[in-house]
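Model, not experiment: these values are computed from the prediction.
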Amino acid sequence: MAGAALAGLLLTGAAVAEVCRVDSVTLRGDWGKARFSVEVADDTAERAKGLMHRRSLPLSAGMLFIYERPQPLNFWMRNTLIPLDLLFIDARGVVQKIHHSAKPLDETPIPGGDDLLAVLEINGGLSKRLGITEGSEIRHPAFAGNAPAWPC
């Protein structure tokens, strides 16, 4: 069943008409395409809470942290019970760094880099399983005002 669920994340050219929505992101790269339904954390309180205290995350889901302007970003796993992949994204919607399988409850800072606008958190290990790499492009309305690499 897990293989079927994983295959469901990967999209083919004819899979579904692509629509740019606030509650989902689509990623693409040489490895293919994948879509995730996302919760958006775009204010201080939502970003502070993130995915803390959750015991699970659906395979096709994630959380997209969006900031007001590009800036250096560091994350940690305080009160986060599940391993996560953190995809650090610049203002154009390009993945600049991936931190794979962040350790639950670890308060060690995870540096993402400078000039970042967003972070996508998905289940730990999923980036490697799908083949998502740095340089992948993300399609989401949050990047619309920044000459996005993959516009809506």
To the nearest 0.5 Å, tell me how far [X] [atom1] sits from [Y] [atom2].
X	Y	atom1	atom2	value
Ser127	Leu86	OG	CG	9.0 Å
Thr80	Glu107	OG1	CD	9.5 Å
Leu116	Gln71	CG	CD	8.5 Å
Gln96	Leu117	CD	CG	11.5 Å
Leu87	His99	CG	NE2	11.5 Å

ask   = Who pairs with Arg92 by salt bridge (Lys or Arg N to Asp or Glu O under 4.0 Å), at least two apart in sequence or on another chain?
value = none

query = Who pairs with Asp42 by salt bridge (Lys or Arg N to Asp or Glu O under 4.0 Å), at least two apart in sequence or on another chain?
reply =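 Checked Asp42 against salt bridge (Lys or Arg N to Asp or Glu O under 4.0 Å); zero matches.
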
Keeping [X] on the side-chain end and [Y] on the backbone end, is there a donor-acceptor pair under 3.5 Å?
X	Y	result
Asn123	Leu126	no
Asn74	Pro109	no
Lys97	Pro111	yes
His140	Val22	yes
Arg139	Pro151	yes
Ser136	Val95	no
Thr108	Asp106	no

message = Are more than 12 heavy atoms, taken from residues, nucleotides or ligands other than Arg21, located less than 6.0 Å from that residue's CZ atom?
response =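 No, CZ of Arg21 has 12 or fewer neighbouring heavy atoms, counting only those of other groups under 6.0 Å.
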
Are the side chains of [Y] and [X] in contact, using a 4.5 Å heavy-atom criterion?
X	Y	answer
Met77	Leu105	no
Phe75	Phe65	yes
Thr26	Trp150	yes
Phe88	Leu120	no
Thr133	Asp30	no
Tyr67	Leu73	yes
Arg35	Val25	no
Ile122	Leu84	no

Closest approach of [X] and [Y], non-hydrogen atoms and distance?
X	Y	answer
Pro141	Cys152	N-SG, 3.7 Å
Ser101	Gly124	OG-C, 3.6 Å
Ala118	Leu64	CB-CD1, 4.1 Å
Asn146	Ala91	CB-O, 3.1 Å

side-chain contact (heavy atoms from CB on, under 4.5 Å) between Val38 and Met63, intermediate numbers included = CA-CA 5 Å; Val38 292; Met63 181 169 276; over 6 Å; no

ask   = Salt-bridged, Glu68 to Arg47, with N to O below 4.0 Å?
value =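 Looking at Arg47 together with Glu68, the answer is yes, because their closest N to O distance falls below 4.0 Å.
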
request  = Output yes when Glu39 and Arg54 qualify as a salt bridge under the 4.0 Å nitrogen-oxygen rule, no when they do not.
outcome  = yes

In one Ile/Leu/Val/Met/Phe/Trp/Tyr side-chain cluster, 4.5 Å: [X], [Y]:
X	Y	answer
Val119	Ile138	no
Met52	Ile110	no
Ile82	Trp76	no

request  = Might you work through the side-chain contact (heavy atoms from CB on, under 4.5 Å) test for Leu27 and Leu130, ending with a clear yes or no?
outcome  = CA-CA 11 Å; Leu27 289 97; Leu130 293 174; over 6 Å; no

request  = Carefully, step by step, assess Ile98 and Glu134 under the rule side-chain contact (heavy atoms from CB on, under 4.5 Å).
outcome  = CA-CA 7 Å; Ile98 301 174; Glu134 293 172 1; 4.2 Å; yes

ask   = Which is it for Asp23 and Val40 under the side-chain contact (heavy atoms from CB on, under 4.5 Å) test, yes or no, and what are the steps along the way?
value = CA-CA 7 Å; Asp23 64 350; Val40 174; over 6 Å; no

